[in-house]
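What follows is a single structure, written as structure tokens, with notes after it.
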Amino acid sequence: MTWSKCSTLTMLIQNTEIRFLWFEDCDPIKEITEYRINVHLFGNGPSPAIATFGLKMTVNHGEDKG
Amino acid sequence: MYFDVSRGPAHIQTCCTQIGACGTEYDLVTCPNMITVTVNFREKGAPELKTDIFHTSERMTKQYSHLRTRNSWTSWRQVSIHTNTLGNWELPHPSRSSFPSMPNNCSQAEGYLRNFVKTFKCKPDLKAQCLEFMEKVISKGHTSLVPREELHVPSGNFFYLSHLPIFHPKKGSLRVVFDSSLEFESVYLSKSLIAGPVQMSSLVEVIMSLRKENVAVI
């Protein structure tokens with residue numbers, strides 16, 4: 001999975017929070033701590049559908065405004 | 001069609017396909033067209049009635065299972081969608097509602113990270129690029145540091161992903177990729193996600209759109 005290029009799709013945490021381990025302040029000398037993933041990750045099964053859905057939503061939103 | 005000759009007048013029900021409002025859904029509805037039956041069954045002797053006229057074919061069950069995934073997707077879609085304080089869309093994580101909560105695999109992720117860090121010693125270039133990438137990801141707000149009070153909560157449901165560096169063969173750039181197929185206690189992230197709807201339009205849908213209007217836009 002890679003990071004979504006578009007940061008407009010933030011992930012709402014419901015049941016399970018997705019985390020990963022990395023160094024504090026990105027400094028390898030410092031201790032390892034936990035980070036939480038805030039965005040939808042790409043490369044999964046439903047990812048293309050989520051991306052399309054987000055895009056459509058933005059278009060509809062823009063139309064309403066215009 | 002079903003002939004119920006023995007119990008008085010014949011009742012025939014015919015169905016036709018109808019396209020839903022959004023243009024992609026279709027279902028069977030009662031057909032308004034009339035059929036006149038000219039043969040008189042009573043005179044020639046009623047034909048033997050069969051009770052097992054209708055049966056579900058394999059293809060039908062396949063279509064229904066497809067509809068089921070579509071339903072779970074629709075229910076996911078209908079969950080409250082809102083914009084957060086930064087003005088970004090916020091959508092829920094597409095996890096299956098029937099799927100049990102993920103196990104806490106912190107120890108496993110720790111092991112993977114240790115292996116990852118080991119490669120840093122022999123590849124200093126990789127180390128610099130990885131750190132740069134992760135810094136970028138954090139500064140963009142894609143990930144955030146978990147506050148100290150939320151660390152090591154025994155009742156919390158967390159699933160840890162392992163990451164590995166991947167080189168783009170053409171660009172030569174590096175990106176850190178998360179492994180959602182990381183298995184822990186026979187559970188992995190990809191398994192817990194709902195399958196999105198099929199992106200390609202099916203042949204039936206294409207034919208239906210041709211029937212709907214004179215010109216079909218696919």
Side-chain angles (χ1 to χ4, degrees), chain A, chain B residues 73 76-77 79-84 86-95 99 101-102 106 109-110 112-113 117 120 127 131-132 134-135 137-138 140-146 148 150-151 156-163 166 175-180 189-190 192-197 199:
Chain A
M1 297 195 292
T2 55
W3 302 103
S4 70
K5 284 271 166 65
C6 170
S7 62
T8 52
L9 285 176
T10 316
M11 189 158 60
L12 187 73
I13 308 298
Q14 280 181 319
N15 302 326
T16 313
E17 198 177 290
I18 302 162
R19 291 186 174 185
F20 69 93
L21 303 172
W22 195 243
F23 306 104
E24 210 176 313
D25 301 327
C26 273
D27 193 341
I29 306 156
K30 288 189 180 175
E31 62 178 298
I32 288 166
T33 184
E34 294 180 18
Y35 283 85
R36 128 180 347 129
I37 296 171
N38 298 329
V39 291
H40 281 273
L41 284 163
F42 273 23
N44 281 323
S47 298
I50 291 169
T52 320
F53 181 58
L55 193 69
K56 274 185 186 170
M57 226 161 43
T58 316
V59 170
N60 290 342
H61 187 72
E63 260 183 9
D64 292 344
K65 267 189 177 177
Chain B
W73 169 254
W76 175 82
R77 229 168 48 160
V79 192
S80 64
I81 300 148
H82 55 274
T83 48
N84 63 6
L86 297 164
N88 293 338
W89 290 113
E90 204 164 80
L91 299 172
H93 184 236
S95 55
F99 202 80
S101 60
M102 306 283 284
C106 189
E110 253 174 47
Y112 274 92
L113 185 67
V117 172
F120 280 0
K127 182 183 171 181
L131 289 172
E132 193 194 341
M134 293 309 281
E135 220 165 287
V137 159
I138 295 159
K140 276 183 180 173
H142 293 170
T143 65
S144 56
L145 195 76
V146 176
R148 279 194 185 276
E150 284 181 45
L151 287 174
N157 268 329
F158 313 120
F159 192 77
Y160 295 85
L161 290 175
S162 76
H163 29 41
I166 302 285
R175 59 199 166 98
V176 180
V177 172
F178 284 79
D179 184 13
S180 65
L189 187 69
S190 299
S192 76
L193 302 173
I194 51 165
Q199 293 292 301

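Per chain, numbering begins at 1; letters A, B, ... match sequence-line order. Predicted, not measured: the structure shown is a model, and the values here were computed from it.
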Run the side chain to side chain contact (heavy atoms under 4.5 Å, CB included) check on A:Trp22 and B:Leu145 step by step: do they pass? CA-CA 9 Å; A:Trp22 195 243; B:Leu145 195 76; over 6 Å; no
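Looking at A:Tyr35 and B:Val137, their side chains never come closer than 4.5 Å, going by heavy atoms from C-beta outward. Using a 4.5 Å heavy-atom threshold, the side chains of B:Leu113 and A:Phe20 count as separate.
Put simply, CG on B:Leu189 and CG on A:Leu41 are 8.0 Å apart, with the number rounded to the nearest 0.5 Å. Taking CG of A:Asp25 as the reference point, atom CE of B:Met134 lies at 13.0 Å (rounded to 0.5 Å). Rounding to the nearest 0.5 Å places CD1 of A:Ile18 at 12.5 Å from OG1 of B:Thr143. How far CZ of B:Arg148 is from CD of A:Glu34: 11.0 Å, rounded to the nearest 0.5 Å.
Neither the backbone nor the side chain of B:Glu132 comes within contact range of chain A; no heavy atom of the residue lies under 4.5 Å from a heavy atom of that chain. Within the 4.5 angstrom heavy-atom criterion, only side-chain atoms of B:Leu193, from C-beta onward, approach chain A. Residue B:Ile138 touches chain A through its side chain alone, counting heavy-atom pairs closer than 4.5 Å.
Note: B:Phe120 and A:Phe23 have tilted aromatic rings, judged against thresholds of 30 and 60 degrees for the angle between ring planes.
The minimum heavy-atom distance linking B:Val146 with A:Arg19 is given by the pair CG1-NH2, 3.4 Å. Of all the heavy atoms in A:Asn38 and B:Ser144, the pair that sits closest is ND2-OG, 3.2 Å.
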